[in-house]
Amino acid sequence: MQASGPCQGGQVRARSTGCNGRRAAGFTLLELLVVMVIIGLLAAYVAPRYFSQVGKSEVRAAQAQISALTSALNTYRLDVGHYPTDDQGLAALTARPAGVAKWDGPYLQKGVPADPWGRPYLYKSPGTHGEFDLYSHGKDGQAGGTGDAADVTSW
């Protein structure tokens with residue numbers, strides 16, 4: 001019984017081997033499945049560590065922005081004599097508020113940034129924790145929280 005086409009000298013070989021007796025090049029389904037399982041295990045191990053670092057970097061970015069905004073607010077206070085009111089808000093750092101004579105801004109090179117989660121920073125003056133409160137509700141957008149969802153504050 002012949003399995004496939006003839007080789008040199010009239011030899012006939014099965015489909016899985018060539019005329020020289022070697023197997024044809026390629027991967028078996030079992031080999032591919034083993035590689036897929038290994039890749040899946042590596043992804044399951046690495047992904048949580050990677051995404052936890054992303055959350056930490058967002059918190060660090062918020063802390064850095066709050067620090068920069070606090071410096072700008074302190075410079076505003078040195079020039080004007082007081083911090084912006086609640087009504088004036090952080091916009092007073094980029095545009096002269098009505099009725100403020102000693103404003104020497106803008107106090108930020110660019111506009112007031114949003115927090116790393118895309119929401120505006122919250123500002124109260126006078127604050128409950130100091131002369132002003134500057135904060136973000138974090139990843140979840142709700143007051144309080146833990147981990148990545150914790151509030152990022154100036155106090």
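Each residue takes its place number in the sequence, starting with 1. All values below come from the heavy atoms of this structure, side chains included, with hydrogens, waters and symmetry mates left out.
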(request) Quick one: which residue pairs count as a side-chain hydrogen bond (donor to acceptor under 3.5 Å, both in side chains) with a foot in residues 102-114, not counting sequence neighbours? (result) D79-Y107
With [X] via side chain to side chain contact (heavy atoms under 4.5 Å, CB included) - residues at least two apart:
X	result
I38	V34, L42
F27	E31, L32
L122	Y135, H137
S71	none

(request) Run through the side-chain heavy atoms of Ile, Leu, Val, Met, Phe, Trp and Tyr, join any pair under 4.5 Å, and report what else lands in L78's cluster. (result) none
(request) Considering only Ile, Leu, Val, Met, Phe, Trp and Tyr, and joining two whenever side-chain heavy atoms are under 4.5 Å apart, list the other residues clustered with M36. (result) none
(message) If you apply the rule side-chain contact (heavy atoms from CB on, under 4.5 Å), what do you find for L93 with T75, and how did you get there?
(response) CA-CA 9 Å; L93 298 174; T75 304; over 6 Å; no
Taking all heavy atoms of [X] and all of [Y], pick out the closest pair and write down the distance.
X	Y	value
S136	D115	OG-OD2, 2.6 Å
A149	D140	O-OD1, 3.2 Å
P97	Q88	CB-NE2, 3.5 Å
A92	Y76	O-CE1, 3.7 Å
G111	T94	CA-CG2, 4.0 Å
P116	Q65	CD-OE1, 3.6 Å

(message) Is the shortest side-chain heavy-atom distance between V112 and P120 below 4.5 Å?
(response) no
(message) Is any side-chain heavy atom of L69 closer than 4.5 Å to one of Y123?
(response) no
(request) Using the test side-chain hydrogen bond (donor to acceptor under 3.5 Å, both in side chains), find all partners of Y83 that sit at least two apart in sequence or belong to another chain. (result) N74
Without placing hydrogens or testing angles, list every side-chain donor-acceptor pair under 3.5 Å for residues 125-134, not counting sequence neighbours.
{"residue": "S125", "atom": "OG", "partner": "P84", "partner atom": "O", "Å": "3.3"}
{"residue": "T128", "atom": "OG1", "partner": "D133", "partner atom": "OD2", "Å": "2.9"}
{"residue": "D133", "atom": "OD1", "partner": "H129", "partner atom": "N", "Å": "3.2"}
{"residue": "D133", "atom": "OD2", "partner": "T128", "partner atom": "N", "Å": "2.9"}

(message) Treating T70 as the side-chain partner and I66 as the backbone partner, does any N or O pair qualify as donor plus acceptor under 3.5 Å?
(response) yes
